[in-house]
Amino acid sequence: MTIEREWSGLEIAIVGMAGRFPGAADIAAFWRNLVDGVESIRRLDVEPLIALGRDGAEVRAPEFVPMHGVLDGHDLFDAEFFGYRPREAEGIDPQQRLFLEVAWEALEDAGYDPARYAGLIGVFAGSSTDHYLYEQLHRNPAALARIGAFQASFSNQPDHLATRVCYKLNLSGPGVAVQSACSTSLVAVHLACQQLLTGACDMALAGGVSLTLPKFWGYRYEEGMILSPDGHCRAFDAQAQGCLKGDGVGVVVLKRLADALADGDHIEAVILGSASNNDGAAKVGYTAPGLDGQARLIATAHALAGVKPDSISYIEAHGTGTPLGDPIEIGALTRAFRGGTQRTGFCGIGSVKTNIGHLDAAAGITGLIKATLALKHATLPASLHFRAPNLQLDLPATPFYVVDRTRPWPSDDAPRRAGVSSFGIGGTNAHAVL
């Protein structure tokens with residue numbers, strides 16, 4: 001890759017990545033869907049949901065929205081490949097099975113065999129709430145008897161997501177489970193970067209996974225809450241009323257940039273800087289986003305990255321498409337950017353949630369992978385369902401415009417740079433500059 005500036009020694013290279021998302025069994029399919037403007041949301045038939053144990057009155061109610069970002073093949077696992085007996089594999093949270101497979105795929109994409117790598121490899125990752133233990137195993141006495149109650153309970157604790165990968169792939173760097181709600185996987189990336197810079201490991205896997213059992217696909221719409229009334233996410237649009245759940249898993253392989261260059265790695269993108277913070281109490285409620293906290297976070301990430309705001313030409317936003325969240329996010333971004341520029345309308349903004357739904361603990365890594373692919377292919381994929389801006393955003397007065405169609409991303413004799421945001425319920429935020 002062409003070096004466009006003096007490196008500080010604090011940069012982190014993305015040297016491999018893998019993922020599975022709604023409508024996409026791998027990264028290549030995911031990118032094709034993004035470029036083609038595909039919305040990978042599935043409308044569900046009510047009768048199969050009832051057969052799975054869903055209450056008939058609930059799913060037939062007018063408020064029920066039979067939509068979900070379905071991850072196909074979530075119930076498949078190559079147990080023999082990882083040395084598991086079928087009974088052992090049956091007891092493991094499917095989120096942990098998926099993450100283990102994709103972690104292997106990410107290392108393979110990076111070109112590294114952990115058995116032959118001389119350095120320390122760490123794992124930093126988080127998962128969503130596990131429904132498998134109580135909704136599947138405890139409701140199936142025969143399965144629970146086969147597995148054993150202790151083994152079933154132990155195999156479904158989120159604490160073991162990262163360490164399971166360390167054990168099965170023989171990785172001896174730090175193995176840390178991360179939990180910060182929707183920002184989990186981008187916080188995991190930030191922590192991985194910090195551990196690399198301190199020398200705690202020489203390579204790191206970072207990411208997240210979120211899987212909803214089919215029994216819980218679809219949802220009941222409640223006015224004023226985060227879920228949309230029709231199963232579509234319209235981030236930053238005047239008609240935006242929320243988002244919906246999607247399932248997926250993503251992992252990136254990270255190394256210190258100096259090491260990646262010296263080792264001849266294929267570099268997908270460079271993380272110039274990242275930051276994480278919490279909103280504290282400066283917001284209307286515990287579950288609400290905080291403008292001050294987000295603005296401080298983004299300004300900190302810019303400072304750590306050593307970049308001026310007007311050198312960033314795309315933001316992969318948290319972008320839930322809620323009447324409360326969208327104005328706060330644009331307001332915080334604008335405040336952070338105004339610390340270095342008064343220009344307007346030069347930075348594109350979009351949200352992958354319009355394509356696949358909100359992946360909860362895997363949302364941040366999904367946004368990071370999308371931004372990395374956009375940098376790699378010099379293309380900005382469309383943010384879907386955008387027709388007219390939410391007037392509360394006052395977009396013409398901000399540095400931002402919504403990327404409403406897929407378009408080239410020229411460099412204009414300067415490096416392409418992107419920001420990626422992820423904000424968690426409870427106020428833990430993360431932002432990275434690529």
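Scanning for side-chain contact (heavy atoms from CB on, under 4.5 Å) contacts around F216 gives H131, E135, T212, L213, with sequence neighbours left out. Here L244 pairs with I41, M67, Y219 under the side-chain contact (heavy atoms from CB on, under 4.5 Å) rule; sequence neighbours left out. Evaluation of the side chain to side chain donor-acceptor pair (under 3.5 Å) rule for E47 yields R60 as partners, not counting sequence neighbours. Residues forming a ring pair (Phe, Tyr, Trp, His ring centres under 6.0 Å) with Y112 (at least two apart in sequence, or on another chain): Y117. Checked against salt bridge (Lys or Arg N to Asp or Glu O under 4.0 Å), D26 has no partners two or more places apart in sequence or in another chain. Taking the ring pair (Phe, Tyr, Trp, His ring centres under 6.0 Å) definition, one finds that F337 meets it with H302, F400, sequence neighbours left out.
For the pair R256 and D202, the salt-bridge criterion is met [side-chain N within less than 4.0 Å of a carboxylate O]. Looking at R407 and D404, a side-chain N of the basic residue comes within less than 4.0 Å of a carboxylate O on the acidic one, giving a salt bridge. The pair K255-D263 meets the salt-bridge criterion, with a side-chain N (NZ, NE, NH1 or NH2) lying under 4.0 Å from an Asp/Glu carboxylate O. Classification of R42 and D72 as a salt-bridged pair holds, one side-chain N sitting under 4.0 Å from a carboxylate O. Salt-bridge annotation for D36 and R32: absent, with no side-chain N of the basic residue lying under 4.0 Å from a carboxylate O of the acidic one. Comment: E58 engages R54 in a salt bridge, judged by a side-chain N to carboxylate O separation of less than 4.0 angstrom. Look at D292 and R335 and you find a salt bridge, because one of the NZ, NE, NH1 or NH2 atoms lies within 4.0 Å of a carboxylate O, short of that distance.
For the residue pair K245 / S210, a side-chain donor-acceptor distance below 3.5 Å is found, with atom types taken as modelled.
When H318, K283, E329 are each tested for a side-chain contact (heavy atoms from CB on, under 4.5 Å) with Q294, only one passes: E329. Only one option out of V187, L186, T428, L161 pairs with V178 in a side-chain contact (heavy atoms from CB on, under 4.5 Å); it is V187.
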| request: With side chain to side chain donor-acceptor pair (under 3.5 Å) as the test, would you mind laying out the steps for Q239 and H385 before giving the verdict? | output: CA-CA 9 Å; Q239 301 302 314; H385 309 306; over 6 Å; no
**Message:** Before you tell me yes or no, could you show the steps for Y221 and E223 under side chain to side chain donor-acceptor pair (under 3.5 Å), namely the whole-Å CA-CA distance, both residues' side-chain angles and the distance that decides it to 0.1 Å?
**Reply:** CA-CA 7 Å; Y221 169 68; E223 187 174 356; 5.3 Å; no
Under the side chain to side chain donor-acceptor pair (under 3.5 Å) criterion, do H232 and E39 qualify, and how do the steps go?
CA-CA 9 Å; H232 301 290; E39 183 188 39; 2.7 Å; yes
Practice task
Step by step, work out the side chain to side chain donor-acceptor pair (under 3.5 Å) result for S183 and S180.
Solution key: CA-CA 6 Å; S183 61; S180 61; 2.9 Å; yes
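Annotation: side chain of H68 is in contact with side chain of L44 (closest heavy-atom distance under 4.5 Å). Side chains of N429 and S422 form no contact here, defined as non-hydrogen atoms less than 4.5 Å apart. The shortest side-chain heavy-atom distance between L368 and E316 does not fall under the 4.5 Å cut-off. In this structure, I92 and N156 have side chains that are not in contact, with every pair of non-hydrogen atoms separated by 4.5 Å or more. By the 4.5 Å heavy-atom criterion applied to side chains, I369 and T366 are not counted as neighbours.
Remark: Q157 CD is packed, more than 12 non-hydrogen atoms of other residues, nucleotides or ligands lying under 6.0 Å away. Atom CG of N170 has 12 or fewer heavy atoms from other residues, nucleotides or ligands within 6.0 Å. No more than 12 heavy atoms of other residues, nucleotides or ligands shown are found within 6.0 angstrom of CH2 on W104. Within a 6.0 Å sphere centred on OH of Y167, other residues, nucleotides and ligands contribute 12 heavy atoms or fewer.
Residues F77 and F82 bring their aromatic ring centres within 6.0 Å.
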